[in-house]
Structures are given as structure tokens and as C-alpha cells.
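See structure below.
Reminder, nothing fancy here: chain letters follow the sequence lines and each chain counts from 1. No hydrogens, no waters, no symmetry mates; every other heavy atom, side chains included, goes into these values.
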Amino acid sequence: MKKYNHKKIEAKWQKFWEKNNFYQAKDPAPGVEKVGTEFNSVLAKNPKYYCLIEFPYPSGDGLHVGHVRSYTALDVIARKKRLEGFNVLYPIGWDAFGLPTENYAIKTGRHPVDITKENIKIFKKQIKSLGISFDWSREINTTDPNYYKWTQWIFLQLFKHGLAYKKKMPINWCPQCKIGLANEEVVDGKCERCGAEAEQKELEQWMLKITAYADRLIEDLETVDYLEKIKIQQINWIGRSEGAEIKFKIQNPKSKINSKFKIQNSKFEIKVFTTRPDTIFGATFLVLSPEHELVDKITTDGQKAAVLTYQEKAQNRGEIPRQARDDKEEKTGVFTGAYAINPATGKEIPIWVADYVIMDYGTGAIMAVPAHDERDFAFARKYNLDVIPVLHQYIEFWDKETQLHGIHYGSTKTRRTFTVDDYNKIITDLDLLVVLKEQAYKDLEEGRIFSGEGILFDSGVFSGLYSEKAKLEITNFVKGIETANYHLRDWVFSRQHYWGEPIPMVYCPECHWVPLPEEELPLELPFVKKYEPTNTGESPLAGIEKWVKTKCPKCGGPGRRETDTMPNWAGSSWYYLAYIMRGNSKFEIQNSKFKIQNSKLFKYWLPVDLYNGGMEHTTLHLLYSRFWHKFLYDIGAVPTAEPYQKRVSHGMILAPDGQKMSKSRGNVINPDEIVEEHGADVLRLYEMFIGPYDQTVSWDLNGVRGVRRFLERIFNFENWVEQDEKEVVIAREKTIKQVGEDIDSMRFNTAVSAMMIFVNKIIEAGCTKETFKKFLIILSVFAPHFAEEQWHVLDEDKSIFDEDWPKYDDKLIDKELVEIPIQINGKVRDKLMVDKKISEDEIKKMALASEKAKKYLAGQTLKKFIYVKGRLVSIVIS
RNA sequence: GCCGCCGUGGCGGAACUGGUAGACGCGCACGACUCAAAAUCGUGUGGGAGCAAUUCCAUGUCGGUUCGACCCCGACCGGCGGCACCA
């Protein structure tokens, strides 16, 4: 009995695979062109398969068991695809810019470059010990100038196409990290990274116009195969809401004139955005955001002081991001003294200022319909403003006796949708409107407001219309324009830190912002001794006068370089392209011919077939990189509109105590220790078996031992037979089928289970070497070292990975005899072994004659007999 | 508040498209081996009743559809994730 010495076996085969370049993806040969869907090259004729994991950030903590889970999962898929004849690209690299490294550098006084190198070395060693079939020849590193010159190149293109702009704006500022934060990086008003309360700070920031792609980022989700929840989350984040922009004329009564601007029957108009133009007859006041430019201009002399005080207060409160504030906080506001005309009713309505209206959404002004909006209602109550309902919920309900429609109160879920017929029917039914109106006022008295869709009343000619239908008509009536607004904001692209890509722009007093010529890329990060972020909000690079002072590329005059760096999401927004480019070129910039140089490779490899990553990146990295890709597509640099065809997500691995693993809790499972004690194959198999791939699971040490046991049981397998029993043949074919299907649909846990069932079978019944070999090939994608070793023990001299994925024969799986349960009134009372092809008549006879069934059938009448072919018999008696 | 997901043994979980609920693994119990323990192997293992054949109950709760429901529909309870003064 040999001992299962995983260390020896794993080291041996890892060396062997590396030496033979087993996992190198093959690029199409030069001159290869796509002809239809085929390539005219032998090399590239194999269908390609590009699978991708999110490249790791090489932190000082080393590899986490969570990394192992997703790397192994895609490794299983990559290996299976190779066995099936695909030309597989499964690359890895390093997303190495970022704060943890910079902070560590500051703390230790060492250079981030050195620390990064060191961390990568550790990560690499750890990953290599797992037997993941990465193509290391395409390794990339975002901090390599040869890499980030392309990141800079893409930025320049964005700038040249008007999608990068500089803007002075209040940004979310983390006082702890001393860095500006994107909206996406503020969680609960706190810095996502360090948890410090975010502040607002006015800074000049580079912005990327991701909002220009908002619609396409939503629409094109239909063309990709992402997990449904990922799509939904992205759609919600982009937050498109359709509505109308409507202008309200300002009309101050003569007595209330703003002396400075002399506004009377003014030409000034206030534009509001609303998703409910249908409720405009109920708009009883307007609200402007405190930052709205018209506030100063329309405020009457009498209200000046009060408004100014309020504005100052609101700005101070701006220190805490407004969105983070408690929902239930009472609304405050102040009257401007000015009035506007409701374009629907022609009535004068007061204009207020309140900070519940945000400047950077919509137009920064709203029409308030207190009867149909919670916030407006709270505000109106507080300041005693008019509340006028104009619609109420309506559910079709026909009272036969009175011939009246009724009103039904229920949740929105039970509400019916309206048909065209309904519209007509309702308009003429005036009694109904009276009922609705009465009910609406009654509800309001009781403090209940209705904000859904319903039937309009008191809305002029639109009374009686269903609100959804009235939207467009009323918008036209008040000369509004249909438009959409987005929750998504432009991407704040500046960071005031050292350890990031320099933004390749020069500021010239004459020419304003001038891009660096592409030939001058990369603009390398200057070597500095001090990286400490400053308190002024300026990047540490600003202190290097020698680097900052430069010539304007346009006019040759004195210029200053941009000293902000890019966020760490920059390098990761296009890295899947870098892996492809690494195949032939070494990222050489030749007159910026990004697309020409790479078009053939891109055509062959794109899109990424399968992309795995964490749910936490759904609204960050995943959205950002889709945006960049679409931009690159628009300028003709890449051939596809989407970068990733399919996106899946792994669940988290918690510590055995059900808590998140963390150093401070001391509950971290180190993959190295598992590899050391049980082996990489056991770790891999265990992580695949631990539970459904997309689900959060807790680590269980006993589970690891169970998997080890599974391998040990077949390590010295010797129960050979001359000929497989029929049962074994069936088991084998079934296993091949199930494991294959389970891998394809990423149900790794049941795949491992199926292999265990098969092993239980052959340990009991024995099997032929041929059968065992087929099993080993299947096992090899999960436990590559173990399978390769056993393969060679069975006198094979070629690698197991030169084999083909085994095929199965459905005919062999089909049993002739099947066990059919006999149900009587839904309960299983007997089971019969019958020929699969038995006719209904035959089985009926058998079932009714069965001893056990007879017991229940005696004296009863047979009401129904159902035979589901090959499945079961169901007998209904009275 | 809005959007989405999930509730199955002692535990992780399985169950194809509505067709024998609890696969596989862990744990536990008993047995074999051993001086003994560990490891290994064997047997059992949802709950209740019964010596047993057997039988009743059981997939968060209540109800519905169906010959048949973990699966479909409705209401509720509990948990998780995302968004949140977005007009």
C-alpha cells in the first residue's frame, strides 16, 4: 500500500506542466483572417474559449480561500474546455495600484514598487501551488509603465472625444485616507475602505462622462448573459426614470418685487423634472434646491435674509453628504416670496427653497404635488401649504346591481392593469369620479397619501383618464418635453495620491488643458521619497516641482502637469484586452495604433466568454469596464459592443464560526496550510464540494477530511475486473453525463457528489481499467495532480490532459427495468419493477392486482388512473 | 420605503420540466481491527407509534390549484443582499 503523498505528487506534476507549456493559449497565426465565423488557420480553427477571473490585488495578506474558490471553479471549466478541444485562454495578472500598498509604503518607508514586487512574488507562489491552469506567459501588471501607457492612452482618447472633463465640484472626501471618493465608494455616508465619515470638499476633479452611456449600459444588458441579479442591480444603479421637463413661469405680484432684478411677469422660467406630469393639476408649490442659480434672482427683498440664512445652513449641513442623512429627519425650507404659474391650472403657486431637493439630479427644482408624494406632503403639512388631490387608486370592480364601478383598496400587487377599453369606459363615468374624489379627501384627512397610478379627477379635460395614459397628453398640454433622468453620476476620476497612473495632461495658461502627445506615453510616475497625501487635497506629486513644470505640448509655453492620479478602477477597466495584446506584441505603442495592431487578436478572442467576480463589483468595476469597452467600440478599437458575454459570481467563504474571516478575529483559514497538510487537490475538491457556487458558505474542517478520504479510497484502487458489470457501466455513463452537465452549469457541488457516488460503486463492484481511466479524466479537472499521477500509474506515458473529455451513451444509461411507484390518492402504496416500455393497460392490470394496492382498493370505486410513462402510477379512488 | 434573493434532518446541502423528499458529505451511535486510542472498514441514522410487517406526521406558517406541490398561485412570518429625500 502506497501512501498518498500529495506533496511529492503535486510538486512533480506542477513542474512537468510548466516545463511543457501546457496552458499556453494559442493566438491565430499572422495573416489569419476571419471568414464568416471561421478562421482560415489550422491553429486558430479550434474554437476559442476565454475565461477570466478578476485579477487579484496583491495585498500583503496573501491569498485567501475565497480566491481559491473562484480560481478553481474556472480552472475546472478551462480544463474541461481544453479536453473538449477548445483553445482556452485563462490568464492572470495583478491589479497592483492602490491604497493599501501606498499606506504600507508610508508606514515602512519603503517604495511601493518594491512592496508590490514582493507581494506579487508571494501571491504567485501561492497560486502556483494550487495547480490552476493559468497561462502565465500573459501575466500583466497594472503598475508596469508598459501597461499603464495604454491606460493613459485610453484616457487621452476619452478626453479627445469630450468624455473626460475637469469640473470644480463638491466631492466626497475621506479625511482618513485623504482621498476623493466616487459615489460608488461611499457606503452609508462612510468611506468604503476605512469607514471614516465622508466629508464634502470642493475640488477640481477629472470626470468621465459615463452618463453619456447610461442608456446603452442598460439596453445592452439584453445582449449578454449575466446573472439576473447582476443585471437588475446595474439597472437600479443607473436608475433611469422617465418623465417630463416642464417650465413654470415666474410671476411675482406687484407688491413683492425683487429690486435688483425687477422681476415682474418675468421672462424667467423654472424648469422642473417630474416623473408624474399627470399630477400637475395638484402641483401647489415649487421647490428649488438651495444651490439653484435662480434662488438669488427671484427671492423678494422681504425674504432675502431668511433665504440667505437657510442657504448657509444647508451648505454647512453639506459637510455630511446629504444622501447619508436620516430619512426621517424633518424637512426644512424657506419661502422665496416669489410665485410661479402652474401651467395646467393657471394658478399662482409659491416657490420655496428646501434641501430635500438635490441640485445634481434632474433640474434641481421640482413641482410639489403634496397629495401624491410623501415628501411633498410632509413639507406641505409643516408649512401649511395647499394639498389638492387629483387622482385616486382604482381597481376595476363592477357592481351588477348598481351598474357602478367600485373602488378596491388593496396592495399595488393586486391592482389590475388597464386595457384600452377601460380608458373609454371610465371617462364617461362621472359618478365614479365623485366616489374617487370623496375617498381621496377622506384618505388625506387620515394622513394617507396615494402615490400610485389611478384615475384622474379635477384635472380639466383629463379628468377620468387613467393616470399612466394621461402622462404624455398632459406633458404636451403644458408644452413640456419627455425626458429621462439617471441616478448614475459621472465618474469622479481624480485621486490625490501617489500610487496610481499619472493623468497625462498639461495645463497651459494659454491653451487650457492640453493632452500629452501619444508618442510621449507612458508618462511615468516620478520616483519620490515621500508619498504622504497632503491635507490640502493636492496630490503628493504636486510637490515635485521638477516634474510638474513642463512645456505646453501645444504652444510650447510654460505649463504644469496634472498632479492627480487615476483611481484604481482605471487599470482594471481594460485588462482583459491586455491579456490578448500580450500574446504577440509587448504593448509597443506605434503611433497609437492600438486598434490596427490588435484588431485580429481582438476579433479572435473577444468577447470574454465567461467572467467571474464578486457581487461587490457589480456597480463599480463591472459597470466602469463596460463603459470603457463601449467607448473603445465606438472609436473602432474593439470589435464587440460588450466586453463580457457571461458574468457569474461566487459566494463568500466564511470562517467555521460563520463570521467573516479577519485577522483581528483570528479565524482566517490560510490556503497554504490546507495545501501543506492535505494537498492542493483536496483543497480544490473541497471548495467545489462545499456548497452551491454562488452561495455564501462556512468553512468546515471535517469536510476537508471527508474529501481527503474520498481521494485516499481510490489512491490504491485495485478492485479490477475483466468486464464491467452492467450496473457499473450504467453508473459510469451516468457519472460522465452528470459531471459534464454540472460543470457546464457551474453546479460543482453536485458534480463532486456524482463522482463520490461512482467511487462508492466501483469500490463495491470493481471495474475495468478502461472505465477507471474515463473516471480519471473527469476527476482530472478537479484534482489534476492526483489524476495525472494515477494516469501514469496505469502505464500511460502521455499526459492525461492530452486526452479527450469522455463521451457517454444515453442508450447505456436507459435501464430496461424501472421501479414504478404506485400512488393511491397521492400516497405511495407499492412499487413495481416493470419493463420500461410497458403499456398503460398492462401496468394498470399489474397495479390493480398488487397485493398492497388491493388492500386500499377493496370496496372503492376507481375514479381515475394515471400512468406517467416510466415514472409512476397514480390511482384515484373515492 | 423600493428592488431582488432565500427558508428542506443535528450540520453543509440534494431533488431534472409538478412525479418515490432528504442524494453526497459531515456529525453521531453501534460493531470489527487494537492492550488501548487514532486511522481504517462495516452497519444504522428526519420525527412519532409498534417486537415486527407496518403506519401516521414532516420541506417557515396558513390557504388555494392539481390525480399528485420543496417546486405553481395568494396572504403572512423570519433571514440575507442592493438602493435610498432621485422628484
Query raised in the report: Does a nitrogen or oxygen in the side chain of A/Asn749 sit under 4.0 Å from OP1 or OP2 of B/G13?
Result: no
Query - Short side-chain N/O contact from A/Ser698 to OP1 or OP2 of B/G12, under 4.0 Å - result: no
Query raised in the report: Who pairs with A/Glu446 by salt bridge (Lys or Arg N to Asp or Glu O under 4.0 Å), at least two apart in sequence or on another chain?
Result: A/Arg448
Query raised in the report: For A/Ile757 and A/Lys229, take the nucleotide of RNA chain B holding the closest heavy atom to each; which residue's nucleotide lies nearer the 5' end?
Result: A/Lys229
Query raised in the report: Does A/Arg709 make a side-chain N or O approach to OP1 or OP2 of B/G25 shorter than 4.0 Å?
Result: no
Query raised in the report: Roughly, in whole Å, what's the span from CE in A/Met755 to P in B/A23?
Result: 19 Å
Requested in this report: Could you give the distance separating B/A58 and B/G22 at their C1' atoms, to the nearest angstrom?
Outcome: 11 Å
Query raised in the report: Within the structure shown, what part of the strands sits under 4.0 Å from A/Gly239 by heavy-atom distance: base, sugar-phosphate, or nothing?
Result: nothing
Query raised in the report: OP1, OP2 of B/A84 versus side-chain N and O of A/His487: anything below 4.0 Å?
Result: yes
**Report entry** Whole-Å distance separating the CZ atom of A/Arg713 from the C1' atom of B/A39
**Finding:** 15 Å
Report task. Measure the distance from CD1 on A/Ile235 to C1' on B/C5 and round it to the nearest whole Å. Result -> 16 Å
Query raised in the report: Base, sugar-phosphate alone, or nothing: which one does A/Arg240 contact when heavy atoms must sit under 4.0 Å apart?
Result: nothing
Requested in this report: Measure from CG on A/Leu711 to C1' on B/G25 and round the result to the nearest Å.
Outcome: 13 Å
Query - Separation of B/G68 P from A/Ile866 CD1 (nearest whole Å) - result: 8 Å
Requested in this report: In whole angstrom, give me the gap between the C1' atoms of B/C83 and B/G46.
Outcome: 41 Å
Requested in this report: Using the ring of A/Tyr867 (Phe, Tyr or Trp, six-membered ring only), decide whether A/Lys844 places NZ or CZ under 6.0 Å from its centre and within 45 degrees of its axis.
Outcome: no
**Report entry** Euclidean distance, atom CZ of residue A/Arg871 to atom C1' of B/A15 [Å, nearest integer]
**Finding:** 11 Å
Query raised in the report: Would B/G4 be called syn or anti, given that syn covers angles within 90° of 0?
Result: anti
Query raised in the report: B/A84, B/C3, B/A14: which one has an atom nearest the side-chain heavy atoms of A/Thr750?
Result: B/A14
**Report entry** Aromatic ring proximity A/Tyr383/A/Phe285, centre distance under 6.0 Å
**Finding:** no
**Report entry** First encountered from the 5' end of RNA chain B, between A/Val752 and A/Gln695
**Finding:** A/Gln695
